[in-house]
Amino acid sequence: MAPLYSSVIDSHVHFWHTDEVNVPWIKTSPFPKHKDAIEYTDQVKLAGVKQAIYVETDVDPYHGLVEADWIYRYAKQLKSTKEFGGIGGIVSFAPVFQGKQDVTNYLGTLIRLTGGKEGGLLKGVRYLLQDPSLDPKRVLNDDFISGIQCLESFNLSFDICISCRASPQQFPPIQELVAQCPRVQFILDHMGKPPCNSKPGDTEFEFWKEQMIKLSSNQNVSCKLSGLVTELSSNDDDKLDVIQQLKPFIQVALDTFGIDRLMYGGDWPISQLVNTSWQSWLEIVCEIVKDWSEDDKEKLFVTNATRIYRI
């Protein structure tokens with residue numbers, strides 16, 4: 001196995017304290033009520049994380065601002081260590097479907113809760129789009145589009161979280177949404193959650209690849225190399241098999257978005273649902289990219305996330 005890359009920027013991490021914030025899905029999950037920097041620091045200690053981007057955790061929508069307030073206060077009280085330097089940015093929930101005026105009002109409050117416009121921790125927002133039971137074309141509603149467009153004036157990005165594996169029809173409307181918001185920075189979470197059990201030549205793989213090619217033609221879209229292990233339908237304990245299965249997907253991401261628009265994300269602790277530790281995922285990625293140049297590895301693991309999320 002390739003050596004671990006050290007001192008990374010982790011562009012995708014989730015923490016929670018359910019006694020502070022209502023996170024409904026935790027109640028029926030195997031996760032405990034607390035997942036935070038204490039355990040995370042232990043997980044990342046062999047490689048070290050310079051800074052991490054906290055991404056909203058699918059809380060009760062009525063607790064979106066509660067979550068933002070909690071994670072900001074939590075981030076400010078963390079002590080920087082060589083193992084984990086702290087939370088460098090926050091991607092909060094925002095009801096972007098509500099249209100320009102309502103979203104503008106919400107963002108004003110959100111920014112105040114997270115340290116203000118100058119020097120605050122808010123870097124972007126997310127509104128989950130991966131639910132296969134919902135109309136994928138809802139993102140083309142006028143209010144949704146205007147809600148996204150207003151992010152530009154706040155210098156905030158939008159994390160796109162869809163599931164091409166579970167609902168491939170979610171991808172085409174995203175193409176149209178992005179085309180109508182050319183001045184907004186978009187970040188594709190988890191490479192669009194591809195059908196990771198497929199192979200090049202399979203219909204599912206080729207559809208995902210075609211969508212990646214089209215989406216990446218928009219220079220305002222970047223992509224997170226994250227969350228792929230949870231898209232495998234079976235948990236293969238053989239790490240080498242997982243590496244071989246995922247390698248073509250990461251190659252597509254590189255070929256389409258290019259090295260300047262890719263960033264590493266740990267997706268901790270969600271990866272634990274398939275018995276993959278933070279370090280195990282990093283080991284998988286490091287092995288897949290072992291032949292990349294040192295400059296390209298630095299971009300993937302550090303530089304790009306620092307620039308795109310304005311850390």
Side-chain angles (χ1 to χ4, degrees), residues 24 53 55-68 89-114 117 120 122-194 207-208 210-224 256-257 261 308-310:
I53 299 295
V55 179
E56 65 89 19
T57 310
D58 194 17
V59 304
D60 183 312
Y62 293 111
H63 271 229
L65 293 175
V66 177
E67 178 190 28
I90 296 170
V91 176
S92 290
F93 166 86
V96 292
F97 63 91
Q98 292 181 343
K100 181 179 179 179
Q101 187 59 61
D102 287 343
V103 174
T104 296
N105 292 338
Y106 186 95
L107 293 177
T109 301
L110 191 58
I111 288 170
R112 288 194 297 273
L113 288 173
T114 52
K117 198 165 186 177
L122 188 67
K123 306 299 180 180
V125 300
R126 186 170 80 157
Y127 177 77
L128 285 174
L129 301 170
Q130 64 185 2
D131 187 340
S133 70
L134 299 179
D135 181 4
K137 293 183 179 179
R138 68 193 186 282
V139 301
L140 301 180
N141 178 279
D142 287 345
D143 281 342
F144 198 107
I145 293 169
S146 68
I148 294 290
Q149 288 173 338
C150 78
L151 295 175
E152 178 203 352
S153 62
F154 292 92
N155 196 27
L156 296 173
S157 58
F158 183 75
D159 270 47
I160 301 169
C161 190
I162 60 172
S163 178
C164 188
R165 176 183 62 83
S167 183
Q169 62 268 30
Q170 291 174 356
F171 230 138
I174 291 297
Q175 309 281 5
E176 296 183 54
L177 170 67
V178 168
Q180 295 190 63
C181 306
R183 298 175 67 86
V184 175
Q185 173 68 62
F186 290 94
I187 297 158
L188 181 65
D189 288 352
H190 316 318
M191 291 165 45
K193 293 195 172 184
F207 174 81
W208 169 77
E210 175 189 327
Q211 295 298 313
M212 290 286 280
I213 291 170
K214 186 173 182 180
L215 187 64
S216 65
S217 68
N218 300 280
Q219 294 301 305
N220 58 321
V221 186
S222 296
C223 179
K224 287 184 186 178
T256 53
F257 282 90
R261 290 189 285 149
I308 294 166
Y309 275 122
R310 308 173 314 284

Item to check | Heavy-atom side-chain contact between V96 and Y106 under 4.5 Å | outcome: no

Item to check | Under 3.5 Å donor-acceptor, Q169 side chain and K137 backbone | outcome: no

Checklist entry - Under the side chain to side chain contact (heavy atoms under 4.5 Å, CB included) test, which residues partner A68, sequence neighbours left out? => result S92, L110, T114

Checklist entry - Atom CZ of R126 and atom CG of L156: how far apart are they, to the nearest 0.5 Å? => result 15.5 Å

Checklist outcome for this item: Here the pair of heavy atoms bringing L140 nearest to I145 is O-CD1, 3.5 Å

Next on the checklist: Please find the pair of heavy atoms, one from P95 and one from V103, that lie closest to each other, and give the distance.
Outcome noted: O-CG2, 3.4 Å

Checklist outcome for this item: dist F93:CZ -> D58:CG (nearest 0.5 Å) comes out at 9.0 Å

Next on the checklist: Could you tell me if the side chain of Y127 sits less than 4.5 Å from the side chain of P61, heavy atoms only?
Outcome noted: no

Checklist entry - Just by modelled atom types, is the R138 backbone N or O under 3.5 Å from a matching donor or acceptor in the N141 side chain? => result no

Checklist entry - So, S167 side chain and P132 main chain: donor-acceptor pair closer than 3.5 Å or not? => result no

Checklist entry - Side chain of R261, backbone of S216: donor and acceptor closer than 3.5 Å? => result yes

Checklist entry - What distance do K100 atom NZ and D143 atom CG have between them, rounded to the nearest 0.5 Å? => result 12.0 Å

Checklist entry - CZ of F154 to CG of L122: how many Å apart, nearest 0.5 Å? => result 10.0 Å

Checklist entry - What pair of heavy atoms forms the shortest contact from P24 to D60, and how long is it? => result CD-N, 3.4 Å

Item to check | Where S157 and L151 come nearest, the two heavy atoms and their spacing | outcome: O-CD1, 4.0 Å

Checklist entry - Under the 3.5 angstrom rule, does the side chain of N220 hit a backbone N or O of V184 as a donor-acceptor pair? => result yes

Checklist outcome for this item: To the nearest 0.5 Å, atom CZ of F186 lies from atom CZ of F158 at 7.0 Å

Checklist outcome for this item: The salt bridge (charged side-chain N to carboxylate O under 4.0 Å, His left out) partners of K224 (sequence neighbours excluded) come to D159, D189

Next on the checklist: Let's go through M212 and C223 carefully: what are the C-alpha distance in whole Å and the side-chain angles of both, what is the deciding distance for side chain to side chain contact (heavy atoms under 4.5 Å, CB included) to 0.1 Å, and is it a yes or a no?
Outcome noted: CA-CA 10 Å; M212 290 286 280; C223 179; 4.1 Å; yes

Next on the checklist: Applying side chain to side chain contact (heavy atoms under 4.5 Å, CB included), can you list everything that pairs with S163, at least two apart in sequence or on another chain?
Outcome noted: Q130, R165, A166, Q170, K193, E231

Checklist entry - Shortest non-hydrogen contact from L177 to I148? => result CD1-CG1, 4.3 Å

Checklist entry - Which heavy atom in S153 sits nearest to a heavy atom in K117, and how many Å separate them? => result O-NZ, 3.3 Å

Next on the checklist: Quick one: does any side-chain atom of E56 pair with a main-chain N or O of V125 as donor and acceptor, under 3.5 Å?
Outcome noted: no

Next on the checklist: I'd like to know if the side chain of W208 and the backbone of M191 have a donor-acceptor N/O pair within less than 3.5 Å.
Outcome noted: yes

Item to check | Worked check of side chain to side chain contact (heavy atoms under 4.5 Å, CB included) between V59 and V66 | outcome: CA-CA 9 Å; V59 304; V66 177; over 6 Å; no

Next on the checklist: Between L129 and F144, is the side chain to side chain contact (heavy atoms under 4.5 Å, CB included) condition met? List the steps.
Outcome noted: CA-CA 12 Å; L129 301 170; F144 198 107; 3.8 Å; yes

Next on the checklist: For the CD1 atom of I162 and the CG atom of L215, what is their distance to the nearest 0.5 Å?
Outcome noted: 7.5 Å

